[in-house]
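A short worksheet on the structure shown next.
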Amino acid sequence: MSIRFSEESQTFSLRTKSSSYIMRRNEYGYLLHMYYGERLEDENLDYLIQLQDRGFSPNPNEVGNDRTFSLDVLPQEFSSDGICDYRICSIEVKNGDGSFAFSGKVADYRINSGKYELKGMPSLWTTEEDTVDTLEIRLEDTATNLNVILYYSVFEEKDIITRTVRVVNRGSDTVYLNRVMSVTMDFMDSDYDLIHFDGRHTMERELHRVPLSYGVQSIGSCRGASSHQHNPFMILCSKDTTEDFGHCYGFSLVYSGNFLCEVEKDQYDQTRLTMGLHTKYFSWQLKAGESFQAPEVVMAYSGRGLTHLSHLYHHIYRNNLCRSPYAKLPRQIVINSWEAAYFTFDEEKLLNIARAALDMGAELFVLDDGWFGKRDDDSSGLGDWEVNTDKLSHGLDGLADRICGMGLQFGLWVEPEMISENSNLYREHPDWCLQMPHRPVSRGRYQLVLDLSRKDVCDYIIGFMNHILDTVKVSYIKWDMNRNITDAWSSIEEADKQGEIYHRYMLGLYYVLDHIVLTHPDVLFVGCSGGGGRYDPGMLYYHPQIWCSDNTDAAARLKIQYGTSFAYPIQTMESHVSVCPNHQTGRTVPLHTRGVVAMDGIFGYELDATKLTADEKAECREQTIRYKKYYPLIAQGDYYRLTNPYEDLYLTAWEHVSPDRKYALLCVVLTDKEANAPQKYVKLKGLDPNKFYKIEGMDRSFSGQLLMSAGLPVPFSLGQYEAVQYYLETEE
Ligand code: GLA
């Protein structure tokens with residue numbers, strides 16, 4: 001068993017292959033957090049708690065006049081609120097009597113084998129190869145009978161602990177939850193950096209690393225989506241942490257809507273981190289007998305730096321997150337119509353693009369936006385999911401038949417959560433969108449958001465989507481969401497339940513996806529929200545891949561894909577070769593480099609293939625052949641970030657190594673060219689030091705040790721934005 005409770009020391013201990021997580025019930029019943037880090041054999045950690053009389057830190061009633069016991073100072077597993085602890089808290093409750101207070105003490109616990117299940121929300125699942133045990137600890141507030149159940153599932157071999165929290169109202173009054181954090185993590189020190197991933201539309205998940213400072217650092221989204229602006233993934237690491245060295249902790253929230261991560265460095269240089277649903281616009285009514293389920297957080301600890309931390313996440317997210325069988329299947333090479341045609345096309349134009357792309361090695365044609373309703377630009381049509389026969393004279397099925405007749409598969413873009421005011425759906429159901437009474441509604445990209453907190457709206461979406469999937473030969477669906485939520489008010493809820501709408505929207509969306517995605521396992525669903533505006537584990541549960549960014553500029557993608565790789569596996573990042581000058585940045589990058597960068601993900605094209613020259617087409621053909629060869633490495637290999645694009649301005653390099661270390665792919669892009677520049681070398685990682693590797697195109701072989709210690713010279717002749725790719729294979 002990876003979970004134990006010692007009656008003698010009242011200690012709960014959770015163990016993975018390389019980490020220990022330890023809590024202790026103290027003499028008053030409070031659950032103290034003792035330790036998370038390198039795996040320990042000696043778990044007697046009592047000596048760490050040093051009680052002092054701390055001025056202005058109050059003492060709970062039951063300790064009498066013991067001025068050294070304060071919840072304001074002690075490390076806790078799930079903090080009280082309103083009772084002696086002034087730090088950021090795990091929960092905020094407005095009780096039936098109007099008081100704002102919670103104080104939970106351990107009532108009982110259970111240890112089970114297997115993992116807990118979350119109803120209505122995505123979470124990790126277990127495979128046959130996993131040994132997973134679960135600990136449930138029930139905390140009880142005896143003043144109100146509000147219970148909080150803490151859940152921990154331990155993936156022993158995969159070095160992962162998942163956590164969640166359920167609040168149960170066993171009292172007789174209705175209470176309001178204003179904050180419920182899925183994880184609270186106290187550290188007795190504060191010498192850490194916080195790494196978070198932020199950005200904007202077309203420049204997502206840029207890495208930021210900042211030292212902890214006094215007060216609260218807060219990162220989150222109130223946009224109704226996990227967002228382009230912040231990602232629900234954080235790393236806390238010792239200051240000396242690098243890719244290969246140092247202690248680091250990852251926290252990844254399996255949720256796609258409003259989230260909050262706060263880190264507080266307190267007056268005694270201790271740290272508290274909390275992560276869960278955002279508290280802004282959140283107030284959940286909990287009547288007697290009802291319960292509230294928080295989303296899951298996936299935690300990992302690495303004592304060997306950031307690369308290993310990423311490997312832990314890649315491994316578990318590849319194997320235990322996505323429900324689709326495609327998670328394990330090779331993906332087809334896509335040609336997408338968006339940057340090729342935008343809204344202006346007819347059947348012939350699409351067929352010509354598809355035919356030209358077939359020659360290049362494309363396997364699946366995706367018809368993007370513009371095929372339905374009256375949709376000649378983005379100002380109308382959303383909601384009218386019937387084919388526009390002015391553009392597609394033989395209908396969708398006619399186009400799909402012709403595409404499939406060429407030997408390509410057919411894919412389709414949809415944006416089911418949205419509605420245009422200029423649509424039949426809006427004219428019929430003006431109350432189906434989120435809007436507040438007496439206030440004109442706000443628009444984003446001219447569109448409004450459907451009220452997915454309503455079951456009738458969700459069922460409508462399930463109906464039309466399943467109709468498309470059941471009548472058209474579609475193998476791929478790109479599910480988009482092109483604005484963030486505002487005006488979050490639902491016409492069917494009472495006034496004191498409007499604080500539930502953002503979360504109810506997400507529950508509605510997950511319900512919809514359960515009934516569309518999970519009932520069509522033969523279709524590959526791809527996530528998208530203006531590119532990577534909803535790139536999170538909640539969406540990856542349904543979509544094995546996500547359109548990483550609307551920015552297809554290979555030079556910009558180097559940073560976007562770098563940041564994304566910290567938590568998310570490479571085979572989840574959809575990445576396309578587009579034309580130059582690039583439509584988003586105006587930059588020109590050689591076609592070869594665009595291919596190398598797009599191969600750092602799920603490879604495809606997004607251009608008008610009929611406009612390519614014969615040489616360009618031949619080069620694309622060669623790219624698709626290479627990608628097929630490298631695919632197993634990219635999909636299943638270990639990923640190494642060899643440079644940091646924010647620090648190494650001259651070049652960006654990365655590497656994929658097969659799990660058996662027999663094959664590797666090294667990629668290098670020169671990002672800045674200097675005159676008479678110094679010779680640069682790239683040192684590889686993850687190879688077998690005792691094996692010899694042949695490098696394609698070179699007439700000698702090198703030992704793994706040499707390649708990792710001395711490295712390879714970067715060809716001096718490379719110009720700015722030029723790239724090289726080296727394929728390595730061990731000698732027999
Ligand atoms: C979003 C997507 C794009 C494209 C457009 C269509 O911005 O990210 O790839 O599908 O919508 O409107």
Side-chain angles (χ1 to χ4, degrees), residues 199-205 223-229 256 334-345 350 353 364-385 387-388 391-392 410-420 422-423 443-449 465 468 474 476-485 524-536 539 543 545-554 556-557 560-561 564 572-579 582-585 594 598 601-608:
R200 54 187 189 274
H201 177 223
T202 63
M203 207 58 216
E204 299 91 338
R205 290 172 298 287
R223 295 170 169 266
S226 49
S227 87
H228 303 84
Q229 284 72 16
S256 316
V334 158
I335 169 86
N336 177 296
S337 70
W338 181 240
E339 288 196 22
Y342 294 105
F343 294 102
T344 315
F345 54 81
L350 298 178
I353 295 173
L364 195 152
F365 175 84
V366 179
L367 172 55
D368 210 282
D369 200 351
W371 59 265
F372 51 90
K374 186 179 164 350
R375 186 81 171 159
D376 296 328
D377 55 35
D378 47 12
S379 67
S380 61
L382 291 170
D384 296 341
W385 297 103
V387 69
N388 178 331
K391 291 185 186 178
L392 302 177
F410 182 64
L412 197 61
W413 178 96
V414 288
E415 196 181 357
E417 298 158 68
M418 297 292 153
I419 183 165
S420 304
N422 185 4
S423 69
R443 304 182 182 94
R445 207 196 191 199
Y446 311 110
Q447 63 204 46
L448 313 183
V449 184
M465 279 302 299
I468 294 176
V474 233
Y476 171 116
I477 289 283
K478 178 176 173 188
W479 185 297
D480 212 338
M481 192 241 193
N482 272 323
R483 64 159 289 186
N484 288 143
I485 295 178
L524 170 62
F525 284 83
V526 175
C528 180
S529 172
R534 218 163 43 180
Y535 208 121
D536 56 66
M539 281 296 133
H543 310 307
Q545 66 200 52
I546 293 179
W547 179 227
C548 200
S549 176
D550 271 351
N551 190 341
T552 57
D553 172 17
R557 276 288 184 119
I560 298 170
Q561 293 172 187
T564 308
T572 65
M573 301 184 208
E574 189 163 332
S575 191
H576 293 168
V577 172
S578 62
V579 293
N582 178 268
H583 289 192
Q584 292 79 41
T585 62
R594 283 177 265 156
I602 297 296
F603 182 81
Y605 292 93
E606 177 128 358
L607 41 70
D608 184 347

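In each ligand, atom 1 is the first atom listed, and ligand 1 is the first ligand listed. Computed from a predicted structure; not experimentally measured.
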As an exercise, identify every atom of ligand 1 less than 4.0 angstrom from a heavy atom of [X].
X: Cys528; result: 2 (C), 8 (O)
X: Gly530; result: 1 (C), 7 (O), 8 (O)
X: Trp547; result: 8 (O), 9 (O)
X: Lys478; result: 3 (C), 4 (C), 9 (O), 10 (O)
X: Gly531; result: 8 (O)

For Arg375, which part has a heavy atom under 4.0 Å from ligand 1: side chain, backbone, both, or neither?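 The answer is neither; Arg375 stays 4.0 Å or more away.
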With heavy atoms only and a cut-off of under 4.0 Å, state how Asp378 meets ligand 1: side chain, backbone, both or neither. neither
Nearest protein heavy atom with distance in Å, relative to [atom]:
atom: atom 2 (C) of ligand 1; value: Asp480 OD2, 3.1 Å
atom: atom 12 (O) of ligand 1; value: Asp369 OD2, 2.6 Å
atom: atom 4 (C) of ligand 1; value: Asp368 OD1, 3.4 Å
atom: atom 7 (O) of ligand 1; value: Asp550 OD2, 2.8 Å

Is there a donor-acceptor contact under 3.5 Å from the side chain of Lys478 to the main chain of Val366? no
Any side-chain to backbone donor/acceptor pair from Gln584 onto Thr552? Under 3.5 Å, distance only.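 Yes; at least one donor-acceptor contact below 3.5 Å.
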State whether the shortest distance between N or O atoms of Arg445 and N or O atoms of ligand 1 falls below 3.5 angstrom.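 Indeed, backbone or side chain, Arg445 has an N or O that close.
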Criterion side chain to side chain donor-acceptor pair (under 3.5 Å) against Asp553, the qualifying member of Asn582, Thr202, Thr585: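 Output: one option passes, namely Thr585.
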Step-by-step side chain to side chain donor-acceptor pair (under 3.5 Å) determination, Asp377 to Ser379: CA-CA 6 Å; Asp377 55 35; Ser379 67; 2.6 Å; yes
Close side-chain approach of Tyr446 and Asn482, heavy atoms under 4.5 Å: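 A side-chain contact is absent here, since even the closest heavy-atom pair is not under 4.5 Å.
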Once you round to the nearest 0.5 Å, how far does CD1 of Ile546 lie from OG1 of Thr564?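 Spacing of CD1 (Ile546) from OG1 (Thr564) equals 9.5 Å.
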How many angstroms lie between SG in Cys548 and CD in Glu204, if you round to the nearest 0.5 Å?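 Spacing of SG (Cys548) from CD (Glu204) equals 7.0 Å.
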Donor + acceptor pair across side chains of Tyr535, Thr572 (<3.5 Å): yes
